[in-house]
Amino acid sequence: MKNYALNPKHGDGDKSRQHKINYVEALNDQQWQAVQQIEGPQLVIAGAGSGKTRTLVYRVAYLVEQGVDPESILLLTFTRKASREMLRRAALLLDDRCQRIQGGTFHSFANTILRQYAAHLDYPNNFTIIDRGDAEDIVNMLRAELNLDKKQRRFPKKRTLVEILSKSINTNRPVMEVLADDYPHFLDDEPQIMELAGRYLRYKQTKGLMDYDDLLVNLRRLLTEQDGIRRKLSRQFRYILVDEYQDTNLLQAMIAALLASEHANLMVVGDDSQSIYAFRGAQFKNIMDFPKIFPNTRVTTLEQNYRSTQPILDFTNAIIASAKEKYSKNLFSEISGEQKPVYLQALNEREQSQFICQRILELREEGIPLDEMAVLFRSGWHSTELEIELNSRNIPFVKFGGMKFTETAHVKDVTALLRILYNPFDAIAWYRSLLLLDGVGPATAREVIDDVVEAQKGPEILAAPEWSKRKIGGELTRLRLFIAESVSNNFSPAEETKRVLEYYLPILKKNYDDYHKRTHDLEALAKIAERYQDLEAFLTDLTLEPPENSQIDTTATDKDEEKLILSTIHSAKGLEWHSIFLINLVDGFLPATQSLQREEDIEEERRLFYVATTRAKQQLYLLTPELERGGGLSYFDTRTVFTLPSRFIQDIEKFSNLTEQWTITLKSEESETTEEKSDDGTADDGAPNFLKNINDYFNEHRN
DNA sequence: GATTAGTCGATTTTT
DNA sequence: TCGACTAATC
C-alpha cells in the first residue's frame, strides 16, 4: 500500500530537496507530474478514488512552497463541502499560509467579485442574493400581474417556470429550445414565458436582486465586457485550479477560461464518468473540449485507485463499461480484500431497513465506527422508511441532502423578517412576513406592499389611520413597532435575530404542533448569527452557504457522537466510507422514473449508480426491495406493485461472478510577475492565442 | 370579495 | 410533508 504519511525529512528524492514535504514519496508518478508542472494549462482525468483531492491539495502546497503568493492561487470547486475540505487539508499539510488561498464555489467566488464591481453592471454593490424559493415567489407575483394564472389551465407553475428559465441560462439555449426539448406541452406558451422572463429580469435589476444564475451570468458579463477588469483579475489570480470540471456548465467553463486568459495557468481536474449534474447544465464535454481552448494542454490520467478493494473496483468498472460514452480508464487497486459486493433482495422496504439496521450493528460490533458507514439513495425521500427504523432502534444518524435547513418553513419565516430589517423595501420578504399575521391573506398583503414598498412610503405609513383602523390594525402595529425599534437602534445580527425570535415564537407555536423541534432550529440560527458583524453578510451566507442540516430530521444527540450517514448520491460525491449500503435499487427509483424517457438521461443515472458504488472502501451492499410502496398508505392498496430490480443490476447480473448474493435472515427482536502580453494573447515565444480561442469556442457554442 | 380550513395528490438531483 | 385546489365562512 502507498505510504500516505508526510515525510518531513529531507534528502532522498532530489526534486523535493528544498521542501518541507516529500512529494515524491507521498505521490505516485502521475500525481507528482500533475503537481510539479505549475505553469501552463493542465487537464487531469482522475478516476474515482484516484487521489484527485490529494493531488490538488499537494499542488497547492507545492505552489506555496515554490514561493507563490497564496493570495494569487484560486481554487474553484463545485460544492461548498469540497471547497472547505480542500482548504482544510491544504492548511493541515503545510501551514497557515494556505488559509490565504482564495477559494470557494463558482457562486461564492462570483459573489465576492461582484460585490466589488457590480456598479460596472448597473447593479448596486449591496445587491441581495435570492434563493430558488424567492425566485419562485417573484415569478409567481409577476405571473399574477400578467393575469396568466387564470387564463389557461395549463400555464406552467411557478416552479416549472423558474426551472425553464434557469435551464435556458445554464445550458446556454434559448427558451424556445428548452421548451421544445424538455417541455413540449408548454411550447404554445412561449410568448408569455418570454414576456415573463423579461419582467423577471427587469424586476431583479431594479430591486438589486440576483438569483444563483445571475451571479454567474453577471460575472461572465463583467469579464467579457470590461476588458480592464478581466485583465486585472486574471493577473491577480495567477494560478487557477478547478475541481470537478466534468460538472461545470458552459458558463462556468467560460468564467474559468476568462480568468486564466492572461496566463493560461489553469488546471482542471475531473472524471467524465462521474458527471451527474447535467440537469443543471453541466456538460462533461467540457473536459474533452478543454484542449481545444488551450491547445498546449498537458493531459494526465490518474488510474490507480487508493480507495476501494479490487473486487469492488471490478464491479464498478463493469458498471461504467456498459456506459455508452466514456473515456476509457482502467482503474486498479492494490488494496487487499476478498469481499465481493453483496446483492440482496428484500421483500419490501421495511425488510430492507431491518436488514440494514442489523448489519450496521454487526459491523459496529466488529469495530467499524458508525460514521464510517453510509446509506445512499437517489432522492431525499427514499430514506423515510429507513429513518423510522433507525429512530426506533436509537441508531443515531445525520442526513445529507434532502430538506435543507434554510428551506424549512420556520427558517424562511425568520429570514423574511430579518430581510425586512435589513431592507424595508424587500417586497418578497414583506409578503411572507405579512402572511404570518392572522386575518391577512394574499390580497391584503398585496395592498400593504403596494403602499409600503411600491409607493416607497416605508413601514411608517402603517401608522396612518387607513391601516390602523382596520381589523388587522393591531397586528400591523405590532409589526411596525418591531421594525421601528431596529431602525432606531444599531443592533448586531445576533441581537436582531433574538428580537425576531421573540416576535416570531408565538406565531410558531400557533402554527406548528412540532414547534419544539423547530425552535431548536431557530436557536441554532441565532447561534450562527453570532459569527457575523453585519446583517448583509449573514443573509448572503444563508442563501449561498447555508448550514447543512435541519434538526427536524435528525435525532437530537450530542454533536461529537458518531453517527451513521444517510445521503443522496449527489451529496455523497467526493466522499468515501468503509461500508456503503445502496438502497432501493429498483427501476423507477434508480434510474428515476423521470429519466426513463431519454437515453442520455438514463446514461446519467448510470453514472449516478457508478458514483454511489465507488464511494465504498471495503464493503458494498446493494439492496432491492421486491415490493414498491403502493401509492396509498393502506395495506390493501391495490396499486402496490411488483417491481423490477434496477436495469443496472440486471446488466451486472451478466457478470454475476462479480457479486455475491445473500438472502436476508433477520434476527428475532427488532499579483504581476509576468510580462505584458499583447492584447490578442500572442507572445513572442509563440504562445497560443488564448483569448481568441476562448471567444471562438464560446461563440461557436452560443448558437 | 377575501380568508381559511380541509382535502387530495404528488415527490430528483443543487448552488 | 408540503403545496395546490376547493368549499365553507367571515
Side-chain angles (χ1 to χ4, degrees), chain A residues 76-83 104-111 129-133 135-137 140 149 153 157-160 163 166-167 169-170 210-216 244 247-249 251-252 275-282 376-384 387 400-404 406-410 412 434-435 437-447 470-472 511-514 518 540-546 548 550 552-553 567-573 584 588-596 601 604-605 607-609 611-612 629 631-633 639:
Chain A
L76 291 172
T77 55
F78 204 63
T79 60
R80 314 186 311 268
K81 219 182 283 168
S83 140
T105 63
F106 275 93
H107 291 85
S108 68
F109 175 71
N111 174 53
I129 297 172
I130 57 173
D131 66 14
R132 181 66 164 259
E136 285 172 6
D137 290 343
N140 205 31
D149 48 344
R153 285 249 166 268
K157 304 216 161 65
K158 60 176 182 181
R159 205 180 140 188
T160 319
E163 228 169 71
S166 177
K167 207 160 202 169
I169 291 166
N170 284 299
M210 289 199 204
D211 61 24
Y212 291 134
D213 300 335
D214 290 326
L215 288 170
L216 300 181
E244 309 278 18
D247 284 327
T248 53
N249 60 32
L251 213 44
Q252 292 164 318
S275 168
I276 53 175
Y277 282 96
F279 69 93
R280 179 175 139 173
L376 305 183
F377 33 85
R378 175 65 175 87
S379 30
W381 56 278
H382 287 175
S383 66
T384 43
E387 287 170 44
F400 297 158
M403 174 70 83
K404 262 164 290 154
T406 44
E407 282 168 2
T408 54
H410 49 292
K412 278 165 89 176
L434 286 166
L435 285 187
L437 306 180
D438 254 349
V440 177
T444 316
R446 193 66 253 165
E447 256 186 284
R470 290 172 64 156
K471 258 186 227 154
I472 51 169
N511 287 348
Y512 302 101
D513 289 336
D514 61 345
R518 291 175 193 258
T540 297
D541 273 10
L542 234 33
T543 32
L544 222 48
E545 329 233 308
E548 298 284 349
S550 154
I552 288 206
D553 293 327
S567 176
T568 59
I569 299 174
H570 283 89
S571 302
K573 187 147 110 145
N584 289 333
F589 281 59
L590 182 72
T593 332
Q594 300 89 331
S595 313
L596 297 178
D601 291 342
E604 174 142 323
E605 300 284 309
R607 292 192 294 269
L608 219 33
F609 182 42
V611 168
R629 60 185 98 188
L633 298 168
R639 280 178 297 175

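Each chain gets a letter, A, B and so on, in the order the sequences are listed, and its residues count up from 1.
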* To the nearest Å, give me how far apart CG (D137(A)) and P (dG3(C)) are. => 10 Å
* Asked: Atom OH of Y212(A) and atom C1' of dT14(B): how far apart are they, to the nearest Å?
  -> 9 Å
* Under 4.0 angstrom, heavy atoms only, what part of the nucleic acid is K471(A) near: base, sugar-phosphate, or nothing? -> nothing
* Taking only the side-chain heavy atoms of S379(A) (C-beta and beyond), determine which of dT15(B), dT13(B), dA4(C) contains the nearest atom. => dT13(B)
* Asked: So, Y277(A) and dT13(B): ring centres less than 5.5 Å apart, planes less than 30° off, yes or no?
  -> no
* Separation of E407(A) atom CD from dT14(B) atom P, in whole Å? -> 9 Å
* 5'-most by nearest nucleotide on DNA chain B - Q594(A) or H107(A) -> Q594(A)
* Asked: Shortest non-hydrogen contact from E605(A) to L590(A)?
  -> OE1-CD1, 3.7 Å
* **Phosphate OP1/OP2 of dT14(B) contacted by S571(A) side-chain N/O (<4.0 Å)** => yes
* Roughly how many Å is it from CG in L437(A) to C1' in dA2(B), rounded to a whole number? -> 16 Å
* **Lys/Arg N to Asp/Glu carboxylate O, D247(A) vs R280(A), below 4.0 Å** => no
* To do: Using the aromatic ring of F279(A) (for Trp, its six-membered ring), decide whether it stacks on the base of dT13(B) within the limits of 5.5 Å and 30°.
  => yes
* To do: State, with a plain yes or no, whether a side-chain heavy atom of T568(A) is found less than 4.5 Å away from one of F377(A).
  => yes
* DNA chain C: 5'-proximal contact among A409(A) and K157(A) (nearest heavy atom) -> A409(A)
* Asked: NA contact type, D438(A), heavy-atom cut-off 4.0 Å: base, sugar-phosphate, or nothing?
  -> sugar-phosphate
* Is the CZ atom of R159(A) crowded by more than 12 outside heavy atoms at less than 6.0 Å? -> no
* **A443(A) side chain, from C-beta outward: closest of dT14(B), dA4(C), dA2(B)** => dA2(B)
* To do: Check whether any side-chain N or O of T568(A) sits under 4.0 Å from OP1 or OP2 of dT14(B), and answer yes or no.
  => yes
* Report the nucleotide, chosen from dT13(B), dA4(C), dT15(B), that has the shortest atom-to-atom distance to any side-chain atom of H570(A). => dT13(B)
* Asked: To the nearest angstrom, how far is K573(A) atom NZ from dT13(B) atom C1'?
  -> 11 Å
* Report the nucleotide, chosen from dT15(B), dC5(C), dC2(C), that has the shortest atom-to-atom distance to any side-chain atom of R518(A). => dC2(C)
* Measure from NZ on K167(A) to P on dT13(B) and round the result to the nearest Å. => 14 Å
* **Counter-base of dT11(B), judged by Watson-Crick or G-U geometry with both distances under 3.5 Å** => none
* For residues K158(A) and D137(A), report the shortest heavy-atom separation together with the two atoms involved. => NZ-OD1, 3.6 Å
* **Separation of dT3(B) P from E447(A) CD (nearest whole Å)** => 8 Å
* **K157(A), NZ atom: more than 12 neighbouring heavy atoms under 6.0 Å** => no
* Taking CZ from R159(A) and P from dA10(B), how many angstroms apart are they, rounded to a whole number? -> 14 Å
